[in-house]
Each structure stands twice: as C-alpha cells, then as structure tokens.
Amino acid sequence: MSVYGSANYEYVVARVRHRRASLFSDDEYRKLLRMGTGEIARFMEETQYEDAVNALGSRFSGVDLVEHALNETLAEDFQDLLRYSEGRLYEQVVRYLRKFDAWNVKTVLRGLYSGATDEEVRSDLIDAGEFEDAFLDRLVAAESIESVVELLDGTRFETYLDSAFEAYEESGTLVPLENAVDRAYYENLVPDESARGEAAQLYREFLEAEIDFRNVRNALRLARSGADVDPAEYFIDGGALFDRKEVGQLVADRSTLVTRIRERKYGDELSKALDELEDAESLIGFEHALDRALLEYSDHLSYVYPLSVCPVLAYVLAKEREVDNIRAIARGREAGLSEAEIEEELVIL
Amino acid sequence: MFDTIPEFVTVAQQTTGSSPAITPKSAAALAVGLAALAAGYAERGIGSAAVGAIAEDQDLFGTGLILTVLPETLVILALVVVFVVPSAF
C-alpha cells in the first residue's frame, strides 16, 4: 500500500463508526458485573469476540480464556484498520499503532526481569504493531535484558535504550528502560512541522492531547509518591501543556499544578476530574477521570472533523478502554472483589 | 470598395444570428453532462462510506443504496433543462 497519495477516509470512518457503536454499553457492563468468569466468556461468545472465544475455547478456560480472547480480538481489530486504510491515513494509523510495539517491548523486558516463562510472555504480547511475528518470537526467546536491547538495535528504540541500559545496570531497576521505551514511542509520534495541511494539523492536535495527559499523570504520580527523582527525566517532549523546566517546579507543589492545568487548554474537559482530585485525594479516581476526559476529547474531535484520522484514533482508544474494562471485571471477579469495587475500576463514558 | 461594407455587415449579422457558436440544445446537454460529473463525484465519497457500513452490517444495504443514489437527483433536475430550452430561437 502506498504511503503517499489520497486517503480513503469515507470508507474507514464508516467502518470504524459502526464498530465504535457496537462496543459494550453501560447496560452490558452492568450485566457483566453480575457474572462469573465462565459466564463472561459465554457472554463474549455472542458479541464481536465470538471468533476468538471459539478458537481459544478448547485451550483455555475462565479468566485465561477471557484474557486471550481480548488480546487476540484487539490485535485482529487493529490489523483490520491497517488493512482498510490507504495513503496518508495508513501512514498516520500505523504510526499510532506503534504503541503496541512499545507495549510488547516493555512486556518482554518485564517478563525477563520477573523471570516469567517464554510462553507466559508470548501470550501477553499484542500482535498489532509494526514488529513481525518472527521478530516478536526472537524477542521473547532472548536470554537476557542485554540481548533484548541488542536485538532492538536498528529499530526506533535503539538510541533511547542504549543510554537507558547503562542507567539500568547502575540502579538494577527497570524504570529507566521502560521510560526510554515510552519516550521512544511518544517522541517519534508527532509528525514534524514539515507535514502541512488540515489532516496533519488535526493529527498533531490529537497526539499532543495524549502526550499532555500522559505528562499530567506522570507528574501527579511523582508528586504523590514523593519519590526523590527528577521529574524532568520522565518528561515526554511534544506536548503543549508544559515544558521540561516547568514540570520540576510544578510537581513539588501540587495545588499550583492543579490550578495550572485548570487554566490551560483542557480546563473544560478536565474540570470534573480536577474537582474529584481536589476532593477525594485519590489518584486512582483522578487517573480514571483523565482517561474519561481523553476519551471524551477524542470523541469531540472525531465529530468536529468527521473526515480525518480522528475518528479512527478515537475508536482505537475506546476499544482499548473496553478491553481494559472487561479484563478488570474478569480479574476482579476472580479475585473476589465486590461489584462496587470493580465498578470503581471501570472507565465508562 | 466602400460600397461592399454594408453588404458584408449584413452577411456577418446573418451568420451569427442563424447559427450561434453553441446552440441552445447543446448548451443544455453540457449542463446535463456537468451535473452528471458533479453527481458522480458526490457519489464517490458516499458510495465508499456505504460499502464500509455494509461490510460491517449487511442490514445497512438499503440505507446505503438510497444514500448513494441521492446525488443522482442532480442529474434528473438537469435533464429537465433539456426539455425547457427551445430547439431554436
């Protein structure tokens, strides 16, 4: 498929909108909340997860079945998106879906660090990014973290990981490596200024919002944990909300940080979330409110600019949320949490 | 030499009067052609969106078909012009 040339927005957006509309609704979540894990799998069999549940049903059961079916459907769905889209749209979607490359690399690193078996790691990988199956297999089969870093030479992660690996060897924690992977993804995400036109502009706006939200979350987590780390090191460039220097001062003083966010671009979208943060003092609630705000913002963009990449990205976000929600329900059920506790973990628009 | 000028002018007037560069009927035909081109362009986008929707859900076939051919009304309206315009002045 050619990277340049016109894009088939009409076709892809129509398909994506239909899929967006058939995601689980409030009512369905409420039904799921009352089910056991086996019932959840059976319920999923009647929805768009049917194929995956049927294919995996003989090998897994219970929560594992739900989990694998979710991963499988997610990967298939996003591969479909790439298959449909052409031209500029394809280029933008593929760039965004590299998110899963970053996710896969992080999973492999964590697996090696925690000593999980190859099989466990492989089943957690989501095959929706740019890395091919064979390459993922090689990553999983790698003996040590160092050989993973070596395998990734020549990919986008190379420059970021090389310097982080030294930090990892000194400290012995995974944080620098994970952070490097995130930064490699986000900092290559936003296309440079040379890309002109309304489509590129919108794409940039959407991604800036995502980076900003990610920065807010990181800053708040750091402020909350009181860890003695320099927040600027964990800052992702490319957002519009704050810059590397400011974030250090803002983290130290949480109330200024909150006022600062309120005054800026996303003040309206986030006001509910910020109120919640000020009242509840609970970071989890705030993070879910952030997720919800990002979902709403992406939906808003996709209605304002129907023939653009925005509806596709909004769908990707919504689908990921749905998968996270179902997983939270299934896992919560298995762990014996109450309905109310699980409901708090869900992000429902 | 100057005597011929009035005669020449009459001839020139006669030729322009009797056969203009574009006859009314061919102008109307052009109008229909342009309208059809525009309808085709409009249907391009709607059609690809409709096929996308039908691929997701077979039940949308009827809706998709109707929406796709809506711009066809442009051509029908343009076709009226052909009958309204007289064949010659």
Side-chain angles (χ1 to χ4, degrees), chain A residues 1-2 5-25 28 46-52 73-74 76-90 92-93 198-199 302-316 318-319 322, chain B residues 19-88:
Chain A
M1 228 170 283
S2 86
S6 62
N8 54 346
Y9 290 121
E10 294 93 349
Y11 180 77
V12 179
V13 168
R15 293 202 79 150
V16 155
R17 280 229 196 280
H18 186 272
R19 291 189 178 199
R20 175 83 174 81
S22 51
L23 292 181
F24 286 177
S25 64
E28 276 156 326
E46 284 156 25
T47 60
Q48 69 266 39
Y49 297 98
E50 184 186 351
D51 290 345
T73 314
L74 192 72
E76 221 160 84
D77 229 53
F78 293 162
Q79 293 291 354
D80 279 353
L81 285 186
L82 291 179
R83 204 156 44 80
Y84 306 148
S85 35
E86 283 168 12
R88 210 166 40 219
L89 182 62
Y90 176 82
Q92 290 176 329
V93 174
E198 201 190 19
S302 78
Y303 284 116
V304 179
Y305 308 102
L307 288 186
S308 72
V309 70
C310 291
V312 183
L313 298 188
Y315 169 70
V316 171
K319 180 81 188 174
E322 183 188 78
Chain B
S19 69
I22 293 179
T23 63
K25 276 296 181 194
S26 48
L30 262 182
V32 177
L34 285 173
L37 204 66
Y41 181 71
E43 279 167 23
R44 184 200 75 109
I46 304 173
S48 72
V51 171
I54 295 167
E56 287 296 323
D57 187 352
Q58 192 73 55
D59 296 344
L60 290 170
F61 180 75
T63 324
L65 191 70
I66 290 172
L67 289 177
T68 308
V69 298
L70 266 188
E72 211 59 42
T73 50
L74 275 181
V75 188
I76 296 169
L77 289 178
L79 206 61
V80 174
V81 176
V82 177
F83 301 111
V84 170
V85 167
S87 48

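Letters A, B, ... mirror the listed sequences (proteins, then strands); counts begin at 1.
Closest heavy-atom contact between B/Ser48 and A/Tyr11: O-CD1, 3.2 Å. When all heavy atoms of A/Ala14 and B/Ala53 are compared, the closest pair comes out as CB-N, 4.0 Å.
With respect to the salt-bridge test (charged N to carboxylate O, under 4.0 angstrom), the residues B/Arg44 and A/Glu10 qualify.
Remark: B/Glu56 CD to A/Arg20 CZ distance equals 14.0 Å, nearest 0.5 Å. We find the CZ-CD1 distance between A/Arg15 and B/Ile54 to be 11.0 Å, quoted to the nearest 0.5 Å.
Within the 4.5 angstrom heavy-atom criterion, only side-chain atoms of B/Leu60, from C-beta onward, approach chain A.
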